[in-house]
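Notes follow once the structure below has been shown.
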Amino acid sequence: ALSSLTRFFPPGISWSKPEGGFFIWLTLPAGLDARALLPQAIAEEKVAYIPGGAFFVDGSGRNTIRLAFSQVGEEELVEGIRRLGRFFAGVLEKRRGATTA
C-alpha cells in the first residue's frame, strides 16, 4: 500500500507509515477539507475514504483521511489508491490554477 501511495499520489500529500493496525493516515495540504471533498471523490472516481476530522477532539484534522487497508485485497487496494491519487491530483491542479488566475 505504501509503495502505491508513493507511485500514485501527488506531491503535497503525506501519510503515516504504520507498523501494524488497519489504517493509514493521510494529510492533505492545509485548506483542503476531506469531508467536503468526499462526495466529489465518490462521484468522479467511485472511491471513498474516511474523513479524519471526526477523530480530532479539538476540531482540527479537516485535512486528514483515515484510509482503511485491511478490508480489501491487494489488487483492489492498489486500484483504490490509484483512483484517489488521480482525484487529489486533479483537486490540487484546480487549486493551483485558482491561485494563479
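Quantities reported herein were computed from a predicted structural model and do not represent experimental measurements. We count residues from 1, following the sequence as given.
The CZ atom of Arg66 sits 11.0 Å away from the OG atom of Ser16 when rounded to the nearest 0.5 Å. Note that CG of Leu2 is 8.0 Å distant from CD1 of Ile81, once rounded to the nearest 0.5 Å.
The heavy-atom pair separating Ala68 from Leu77 by the smallest distance is O-CD1, 4.3 Å.
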**Message:** Between Val78 and Phe8, is the side chain to side chain contact (heavy atoms under 4.5 Å, CB included) condition met? List the steps.
**Reply:** CA-CA 9 Å; Val78 170; Phe8 295 118; 3.9 Å; yes
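Both Leu5 and Val91 are assigned to one and the same hydrophobic cluster, defined by single-linkage of ILVMFWY side chains at heavy-atom distances under 4.5 Å. Residues Phe69 and Phe87 fall within the same hydrophobic cluster, defined by Ile, Leu, Val, Met, Phe, Trp and Tyr side chains chained together at heavy-atom separations under 4.5 Å. Hydrophobic clustering (side-chain heavy atoms under 4.5 Å, transitive across Ile, Leu, Val, Met, Phe, Trp, Tyr) groups Leu92 together with Tyr49.
At least one side-chain heavy atom of Phe56 sits less than 4.5 Å from a side-chain heavy atom of Thr64. Using a 4.5 Å heavy-atom threshold, the side chains of Leu67 and Trp15 count as separate.
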Review item, side-chain donor-acceptor pairs of residues 22-45, under 3.5 Å, at least two apart:
from, atom 1, to, atom 2, distance (Å)
Asp33, OD1, Arg35, N, 3.0
Asp33, OD1, Ala36, N, 3.2
Asp33, OD2, Arg62, NE, 3.2
Asp33, OD2, Arg62, NH2, 2.3
Gln40, NE2, Glu44, OE2, 3.0
Glu45, OE1, Arg86, NE, 3.1
Glu45, OE1, Arg86, NH2, 2.4
Glu45, OE2, Arg86, NE, 2.7

